[in-house]
Amino acid sequence: MHVSEGVLSGPVLMGAAVLAAGGVALGLRSLDYNRLARAGVLSAAFFVASLVHFPVGPGSAHLLLNGLLGALLGWGAFPAIAVALALQTLLFQFGGLTTLGVNILIMALPAVLTGALVRRGPGGASGLKRRAFFCGALAVGLSAALFALVLMLSSSQFRGAAMLVVAANLPLMFIEGFFTATCVAFLHRVQPELLPARKDR
Amino acid sequence: MIEPLPIRTSAFVGALDPRARVLAAVLFSVTVALLDRPDALGLALIVSVLSLVWGRLALRPVLRRLMLVNGFNLFLWIILPLSAGGELLLVDSAMPLSLDGLRMALGISLKSNSILIFLQVFLLSLPLSTLGEALYRLAVPEKLILLLLLTYRYIFVFDVEFRRLMRSARVRGFEPGTNLHSYRTFGYLVGMLLVRAFGRAERVRFAMELRGFSGRFHQIIEFRPGLSDGLFLAAVTAIALGLGVLQWI
């Protein structure tokens with residue numbers, strides 16, 4: 001889910017870039033050098049996993065992984081996603097330079113918001129699984145909603161395209177949620193110290 | 001497979017100071033992103049194509065890299081004329097097309113292609129370590145650059161690792177389909193990738209600290225800005241100003 005180069009209006013691009021820069025600055029402050037290595041690893045995993053296409057009915061889709069990233073890194077998801085998207089621009093021309101800000105915002109803001117979900121709520125292995133499901137699903141849903149929002153803010157002519165984006169992402173929410181739940185449950189069993197500690201209330 | 005940077009360019013472009021190239025790419029991208037008149041955008045595309053000739057990029061890979069964005073542009077060419085409204089073409093036919101929608105699709109196509117071509121010539125022709133150093137000297141936060149360089153390094157490692165995991169799943173009879181079993185398997189595969197990745201990150205961190213790493217990769221190449229860099233930046237600035245004038249008067 002990338003906003004393509006050339007689509008959005010100047011004010012929307014600039015506003016989003018300012019917000020994204022703020023998020024990245026906040027995120028960088030939360031990463032010391034020890035956690036930086038971990039963030040680098042995660043953003044690389046985010047990059048690689050987004051290349052993995054899996055079948056959905058007749059077509060195919062790829063994982064976003066932003067909910068998972070938010071769960072593992074908190075605000076650190078902002079710089080991690082920023083770097084991964086910058087590399088996607090350089091290596092594959094997904095998005096461009098001027099859309100970098102808005103693309104960071106679309107992916108990272110839902111990551112931070114839903115990542116916070118994994119840290120609170122019902123405990124136990126099944127509780128964790130449920131929380132992770134909502135984290136992954138909501139992250140995709142929010143990203144699609146933000147994508148539609150920036151399209152509509154840019155030009156009212158994009159209404160049709162915006163609706164299509166949201167509709168196309170609805171089934172992906174379920175898949176991403178299920179995927180995130182499995183992945184988090186796996187990490188919980190194999191290497192629980194990778195997951196953030198749960199905050200009670 | 002992911003192709004590592006840089007892509008090959010002419011010696012001319014290669015000799016330009018990396019900082020000048022980064023600044024030029026930013027200046028050109030931002031200016032063109034703000035244009036919306038078709039004539040100004042057409043001119044921007046011409047500038048990009050000329051720089052492509054100047055940089056002597058291999059044409060086929062350039063077009064391949066533009067395929068993704070033009071796939072999306074094609075989607076816009078289909079959806080915008082049907083949904084944008086406003087003044088209509090072919091009013092009496094079964095499928096009236098919106099003139100505004102067509103104009104918009106054209107503008108977006110010109111804009112995206114000219115920006116992405118320009119980036120290929122000047123930004124993608126830098127090795128990533130050099131780009132990191134250039135960004136560092138342009139006052140981008142050090143931690144962010146370190147993160148960029150680490151991520152770049154790991155991308156290739158994980159790409160290979162994930163292919164390996166996927167292959168071993170296939171060998172065991174895994175056939176991805178539209179079912180929960182497949183999605184669960186992908187969850188386990190990515191989980192395993194993360195577990196291995198973290199293990200590797202820890203080992204690399206220890207090894208780097210042991211060798212006295214203090215948070216910065218040092219660049220051995222010296223940057224020597226010269227007259228040609230000044231001329232190049234002046235030319236790009238003049239082009240950006242010219243495009244701006246064409247747009248707003």
Side-chain angles (χ1 to χ4, degrees), chain A residues 4-7 10 13 24-25 28 31 33-34 36-45 47-49 51-52 54-57 63 65 79-80 82-84 86-87 89-94 96-99 155 157 159-161 164 175 178-187 190-191 194, chain B residues 2-3 5 25-26 29-30 33-34 65-66 68-69 72-73 76 79-80 82-85 100-101 104 108 111-112 115-116 119 123-124 141 143-144 146-148 150-152 154-155 157-159 162 176-178 180 182-184 186-188 190-191 193-195 197-198 200-201 204-205 215:
Chain A
S4 187
E5 188 72 79
V7 174
L13 287 176
V24 169
L28 280 180
L31 293 174
Y33 280 105
N34 293 344
L36 209 61
R38 174 181 278 211
V41 163
L42 270 175
S43 64
F47 182 105
V48 170
L51 298 178
V52 179
F54 52 83
V56 181
L63 296 164
L65 238 68
V83 160
L87 285 171
T89 297
L90 291 173
L91 294 169
F92 303 126
Q93 317 277 284
F94 286 180
L97 261 194
T98 63
T99 49
S155 161
Q157 302 185 343
R159 183 175 291 270
L164 258 180
I175 295 171
F178 186 76
F179 162 83
T180 310
T182 322
C183 193
V184 167
F186 176 83
L187 288 176
V190 178
Q191 219 165 342
L194 292 184
Chain B
I2 306 168
E3 281 169 51
L5 295 175
V26 172
S29 301
V30 170
L34 293 176
R65 287 188 208 98
L66 290 174
L68 188 94
V69 73
F72 182 71
N73 288 341
L76 290 180
I79 192 163
L80 282 179
L82 294 178
S83 69
D100 285 347
M104 206 156 161
I108 290 171
K111 198 189 273 196
S112 54
I115 292 180
L116 291 180
L119 289 188
L123 217 50
L124 269 64
K143 275 191 200 169
L144 194 60
L146 184 60
L147 193 61
L148 181 80
L150 283 175
T151 303
Y152 179 67
Y154 285 131
I155 281 172
V157 177
F158 293 171
D159 186 43
F162 195 82
T178 309
L180 285 186
S182 295
Y183 302 146
R184 189 178 296 123
F186 277 115
Y188 289 147
V190 173
L193 182 71
L194 288 177
V195 168
F198 277 118
R200 178 185 295 269
V204 171
R205 184 164 71 81

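If you're wondering where the values come from, they're calculated on a predicted model, not measured in any experiment. Below, read A as the first sequence line, B as the second, and so on, with proteins coming before strands; counting in each chain starts at 1.
- How far OH of Y152(B) is from CZ of F47(A): 9.5 Å, rounded to the nearest 0.5 Å.
- Only the side chain of V24(A) comes within contact range of chain B, with at least one heavy atom under 4.5 Å from a heavy atom of that chain.
- For a residue to count as touching a neighbouring chain, one of its non-hydrogen atoms must lie under 4.5 Å from one of that chain's; by this rule F179(A) touches chain B with backbone and side chain alike.
- T99(A) does not touch chain B: none of its heavy atoms, backbone or side chain, sits under 4.5 Å away.
- No donor-acceptor pair under 3.5 Å is formed between the side chain of K111(B) and the backbone N or O of V7(A).
- If you take CZ on F92(A) and CG on L68(B), they are separated by 10.0 Å, rounding to the nearest 0.5 Å.
- Heavy-atom distances place no part of S182(B) under 4.5 Å from chain A, backbone and side chain included.
- Atom-to-atom distance recorded for T89(A):OG1 and L119(B):CG is 8.0 Å, nearest 0.5 angstrom.
- Both the backbone and the side chain of L148(B) come within contact range of chain A, each with at least one heavy atom under 4.5 Å from a heavy atom of that chain.
- Legend: residues meeting ring-ring contact (aromatic ring centres under 6.0 Å, His included) with F198(B), ordered by chain and number and at least two apart, are absent.
- Heavy atoms of V48(A) lying under 4.5 Å from chain B belong exclusively to its side chain.
- In this structure, chain B has heavy atoms under 4.5 Å from both the backbone and the side chain of L90(A).
- Once rounded to the nearest 0.5 Å, the distance linking CD1 of I155(B) with OG of S43(A) reads 7.0 Å.
- For R205(B), the part lying near chain A is the side chain, with the backbone staying farther off; criterion is any non-hydrogen pair under 4.5 Å.
- Of the inter-residue distances, the one linking L51(A) atom CG with F158(B) atom CZ reads 13.0 Å to the nearest 0.5 angstrom.
- Heavy atoms of L76(B) lying under 4.5 Å from chain A belong exclusively to its side chain.
- Note that CD1 of I79(B) is 4.0 Å distant from CG of L164(A), once rounded to the nearest 0.5 Å.
- The contact between I115(B) and chain A is made entirely by side chain atoms (from C-beta outward), counting heavy-atom distances below 4.5 Å.
- Most heavy-atom pairs under 4.5 Å with chain A, from the set V204(B), V190(B), L34(B), L66(B): that is V190(B).
- Between A45(A) and L193(B), the shortest heavy-atom contact is CB-CD2, 4.4 Å.
- For chain A, the option among L116(B), L123(B), L150(B) with the highest count of heavy-atom pairs below 4.5 Å is L116(B).
- In this structure the side chain of K143(B) never reaches within 4.5 angstrom of the side chain of P79(A), judged on heavy atoms.
- Within the 4.5 angstrom heavy-atom criterion, atoms from both the backbone and the side chain of L97(A) approach chain B.
- Interface remark: Y188(B) contributes backbone and side-chain atoms alike to the contact with chain A (heavy atom separation under 4.5 Å).
- Considering all non-hydrogen atoms of both residues, L13(A) and A33(B) come closest at CD1-CB, 4.2 Å.
- Closest heavy-atom contact between A44(A) and Y154(B): CB-CB, 3.4 Å.
- Contact between L28(A) and P141(B) at its shortest, heavy atoms only, is CD1-CB, 3.9 Å.
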When you look at Y183(B) and T182(A), which way does the side chain to side chain contact (heavy atoms under 4.5 Å, CB included) test go after all the steps?
CA-CA 8 Å; Y183(B) 302 146; T182(A) 322; over 6 Å; no
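- Interface remark: V26(B) contributes backbone and side-chain atoms alike to the contact with chain A (heavy atom separation under 4.5 Å).
- When each of V41(A), L42(A), L65(A) is checked for a side chain to side chain contact (heavy atoms under 4.5 Å, CB included) with L194(B), only L42(A) meets the rule.
- Contact count versus chain A (heavy atoms, under 4.5 Å) is highest, among V30(B), V195(B), V69(B), for V195(B).
- For a residue to count as touching a neighbouring chain, one of its non-hydrogen atoms must lie under 4.5 Å from one of that chain's; by this rule P176(B) touches chain A with backbone and side chain alike.
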